[in-house]
Amino acid sequence: MKLTKNKNALYMHCLPADISGVSCKQGEVSANAFERYRIKTYQEAGFKPYIIAAMMFTNRFGDPAEVLKSIMERRRKE
């Protein structure tokens with residue numbers, strides 16, 4: 001990133017990426033760099049990470065719709 005114009009490269013990667021401080025101690029990319037382009041990276045990956053996250057979410061909670069409803073209500077109060 002330091003060598004790119006304005007230190008602002010679009011980080012594209014085949015997922016999953018090892019993210020420093022998130023998935024491991026020292027990864028392929030910093031958490032800031034990954035988060036900056038997370039949406040574009042996920043779009044490039046055909047939204048597959050969102051699909052995987054949704055499957056994990058629905059399998060983790062007995063009533064995922066209620067959990068989502070609770071999250072949305074909490075956000076409205078903030």
Side-chain angles (χ1 to χ4, degrees):
M1 298 280 298
K2 291 178 185 177
L3 301 176
T4 65
K5 183 178 180 180
N6 299 323
K7 298 179 182 175
N8 198 24
L10 175 58
Y11 178 82
M12 303 305 280
H13 188 281
C14 55
L15 297 170
D18 290 328
I19 305 167
S20 298
V22 176
S23 60
C24 61
K25 184 176 180 179
Q26 180 60 47
E28 303 165 272
V29 63
S30 71
N32 288 340
F34 186 82
E35 186 59 30
R36 182 181 307 146
Y37 298 112
R38 180 176 49 85
I39 302 297
K40 289 183 183 276
T41 303
Y42 283 16
Q43 288 170 338
E44 182 183 76
F47 298 97
K48 187 175 180 181
Y50 291 121
I51 296 164
I52 293 169
M55 290 183 342
M56 292 168 61
F57 184 83
T58 58
N59 284 307
R60 180 166 183 199
F61 299 101
D63 188 355
E66 187 59 37
V67 174
L68 288 174
K69 182 179 174 184
S70 172
I71 291 169
M72 295 302 291
E73 288 173 0
R74 243 183 311 165
R75 293 200 61 175
R76 284 189 201 120
K77 293 176 184 176
E78 292 177 359

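The residues of the chain are indexed from 1 along the displayed sequence. Treat the numbers as computed from the prediction; the structure is a model and nothing was measured.
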Next item on the list: For residues Ser30 and Ser20, report the shortest heavy-atom separation together with the two atoms involved.
Entry: CA-CB, 4.3 Å
Next item on the list: Look at the side chain of Ser70 and the backbone N and O of Glu66, then say whether any donor-acceptor pair between them is shorter than 3.5 Å.
Entry: no
Notebook entry, point to check: Taking a hydrophobic cluster as the set of Ile, Leu, Val, Met, Phe, Trp and Tyr residues connected by side-chain heavy atoms closer than 4.5 Å, whether directly or through intermediates, do Met56 and Val22 fall within one such cluster?
Noted result: no
Notebook entry, point to check: If you measure from CG on Leu68 to CE on Met72, what distance do you get to the nearest 0.5 Å?
Noted result: 8.5 Å
Notebook entry, point to check: Roughly how far, to the nearest 0.5 Å, is CG of Asp63 from NZ of Lys69?
Noted result: 9.5 Å
Notebook entry, point to check: Do Ile19 and Tyr50 belong together in a cluster built from hydrophobic side chains that touch within less than 4.5 Å?
Noted result: yes
Notebook entry, point to check: Given the rule that I, L, V, M, F, W and Y join up when any side-chain heavy atoms are under 4.5 Å apart, are Phe61 and Met55 in one cluster?
Noted result: no
